[in-house]
Amino acid sequence: MKLKHLLLCCLFAAVGCTTATTTPDNEIDRKVEELLAQMTLREKIGQMNQVSGGANLCDWAASGDLGSILNCVDPAEINAVQRAAVEQSRLGIPVLVSRDVIHGFRTIFPIPLGMAATFDPAVVEQGARIAAVEATASGVRWTFSPMLDIARDPRWGRVAEGSGEDTYLDVQMGVAMVKGYQGDDYADPTSMAACVKHFVGYGAAEGGRDYNTTMISERALRNVYFPAFKACIDAGALTLMTSFNDVDGLPSTGNSWLLDDILRKEWGFDGMVVTDWNSAGEMIAHGYAEDLKHSAELAVNAGVDMDMMSFGFIEHIEELINEGKIEMQTIDNAVRNILRLKFRLGLFENPYVDEAKAREKVYAPEHLEAAKQCAVESAILLQNNNNVLPLTDAKRILVTGPMANAQFDQLGTWAFDGEEAYTVTPLMALRDDYDVVYEPGLTYSRDTNKAGIPAAVRAAAGVDAVVVCVGEEAILSGEAHCLSQLNLQGAQSELIAELNKTGKPIVVVVIAGRPLTIERDLAECDAMLYSFHPGTMGGEAIADLITGRAVPSGKTPMTFLRDAGQAPFYYNHPMTGRPNNGTETLLNDIPLKAGQTSLGCTSYYLDTGYGPLFPFGYGLSYTTFDYSCITIDKTEYTEGDVIVVEYDLTNSGKVDATEVAQLYVRDLVGSVVRPVKELKGFERVYLKAGETKHCRFELPVAELAFWNRDMEYVVEPGKFQLWVAGDSASGEALAFEVK
Ligand code: NOJ
């Protein structure tokens, strides 16, 4: 007996319904049809063509062979291209200007993985709004963000660009970014179209190696990888990018099941679909298309509207139409999607940007303040032995390590338009608070030359505490930057270990693009603060946390591994038939000639054991939090009910602070194997020292639905468990049942 819910996903989503447009959609559709009727085939194909800066864009625009540009951010150049399109092309259709504005335009916020660590959608939405205000002032009206790829393998360099391993967190962060970029009104000149990417499964690249193949079942796509795309589209996301990878042998750019059956027919998406950079052309290297012409045929027929940089559309569509391999109606629909977007953004009314005002708002004090707040909230305190942090009594400190004054690298990956001269590093900021001695020890994160370490160790002799900033240069994470080993690079671990021998309090600040394997470094320090590349204001944020002006509240958005060999590892993995029950026998404890089955035969590694270094959702504070009186309003629920979970949260320490309270659920028996736990809610709760707040989560029973054995989206009746805790591995389970 199954309790079936309405298949909400099958009801066509009214895209844009949550976001007002100045011009009603029917009026826009009328304009689209009017314009389409005047267009030649060549002009239609021109709209489907996106070209990168560097090419002679004005010629492209004047000829009508250009629908969009990317990688051009000079407002004068953008206006020139726009003038060529509007004043010289036959129909005067403006071009759409795009850019990878991933975590800020000039004011750089923490990398998206860091933003996710805030568990604060409001601060993330604000960051996206600021990025839009700064970028649109230069003429950029379309960003290739948010990246929604679920990432469960930190070897993959692009974990930096997403929200980590969890679907629920991905949904919250993605929707926040879409709202921030697009604002309340698409046509407002400060609104920037969002682009949800990469559709789909790109983060599941085998072995964490970029562009690699993926093997994801339809059920896993629907339960894990689709929800953030669907949620962002429901929130009004205007565009979507296909991914480079294949899923089960089908490259996304040529997959009509994804782009037509799911995206258009099931979800009702009426926005625009763009390929990733040459991902149409790359279907040749995949061995899926014979040549460029064939790749264009496959992409267009699958449902792609715009070609980013393969040039296969502009070169071959006319021919393909003449040969009857593509229907004219397919082209018309693609062009409708492109024109609809341009009308929605108000580009026809407002094609130009005011060059004189392009930098007016850039680095505005409120932008810098918001970036700092986001960086403060994103830092995760992983260890704080003897409450060594905050450094309130220290007067003279040693600041050392290759990331202490790395203005460029602190910005992280995809900070194309961030200007390093504006970056405030930890060294710069800490000088305002302490008498600082600076000895870098190593010059960059991969540096293996240990010649500078003795000077750093000597300098430690005369200080009250040591702050060692280590991590990864920006180039070590992001697209195509994968690693098979995740220990600190170069001689960074040696630097920490040598400093630890001085007996001084050692505070390690890790500034990196992914969760590194830092177990051995934890053993060599008193405190560790982990800051995913924190952006322009990262130094000030870190100084606020070190001095105690701010209190850490970030939580891990990905599981931290003991060793790269554990990857992929994620908290919400499906239940195994032989779970480890905490009785693992590790390598050195195995007796000689032990019997084959004597170790218990459960799911763990003989060397690293079962557990991770830190679980998902983990992070310490300068205070302690106690969860108590956790109750649910009933023990049995039915369809349509809302589960009300109440709890008391107490700040049992001595400083005011914020805790991220998390709600997890486990569906004990399903028609298919279910995850061991799933995040279903979180809340940032601010508490004064000693204060207790009575808090609640409300969880609609409908949110327990999943794609079951018959590929139906249902809540299956049965027994469940529920936890309220400060991370994914803590708390006592409460039981309830859905009838
Ligand atoms: C390739 C990347 O995969 C994608 O994320 C990005 O938006 C495009 N290049 C454009 O730069």
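Atoms within each ligand, like the ligands themselves, are counted from 1 in listed order.
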Looking at ligand 1, does any of its N/O atoms fall within less than 3.5 Å of an N/O of R158?
-> yes

Gap between atom OG of S52 and atom CG of L70 - 0.5 Å precision | 4.5 Å

State if M241 counts as touching ligand 1 under the rule of any non-hydrogen atom under 4.0 Å.
-> yes

Only counting residues at least two apart or in another chain, list the ones meeting salt bridge (charged side-chain N to carboxylate O under 4.0 Å, His left out) with D409.
-> none

Residue, atom and distance of the protein heavy atom nearest atom 11 (O) of ligand 1 read D100 OD2, 2.5 Å

Counting each atom of ligand 1 from 1 as listed, which ones have a heavy atom of F144 under 4.0 Å away?
-> 7 (O)

Short N or O distance, K197 and ligand 1, threshold 3.5 Å exclusive = yes

Atoms of ligand 1 close to F244 [distance to a heavy atom under 4.0 angstrom, numbered from 1] | 1 (C), 3 (O)

Counting heavy atoms only, which part of M147 comes closer than 4.0 Å to ligand 1: side chain, backbone, both or neither?
-> neither

Residues V101 and A135: closest non-hydrogen pair is CG2-CB, 4.0 Å

Give a yes/no verdict on a cation-pi contact between R152 and Y570, requiring under 6.0 Å between NZ or CZ and the six-membered ring centre and an angle within 45° of the axis.
-> yes

Strictly by modelled atom types, are T413 and E479 linked by a side-chain donor-acceptor pair under 3.5 Å?
-> no

At a 4.0 Å cut-off, with the gap strictly under it, does some heavy atom of E161 reach an atom of ligand 1?
-> no

Please check if any side-chain donor atom of T239 sits under 3.5 Å from a side-chain acceptor atom of W142, or the reverse.
-> yes

N/O of H198 under 3.5 Å from N/O of ligand 1, yes or no?
-> yes

Going by the atom numbers of ligand 1, which of them fall below 4.0 Å from some non-hydrogen atom of D276?
-> 1 (C), 2 (C), 3 (O), 4 (C), 6 (C), 8 (C), 9 (N)

Applying salt bridge (charged side-chain N to carboxylate O under 4.0 Å, His left out) to D246 and not counting sequence neighbours gives none

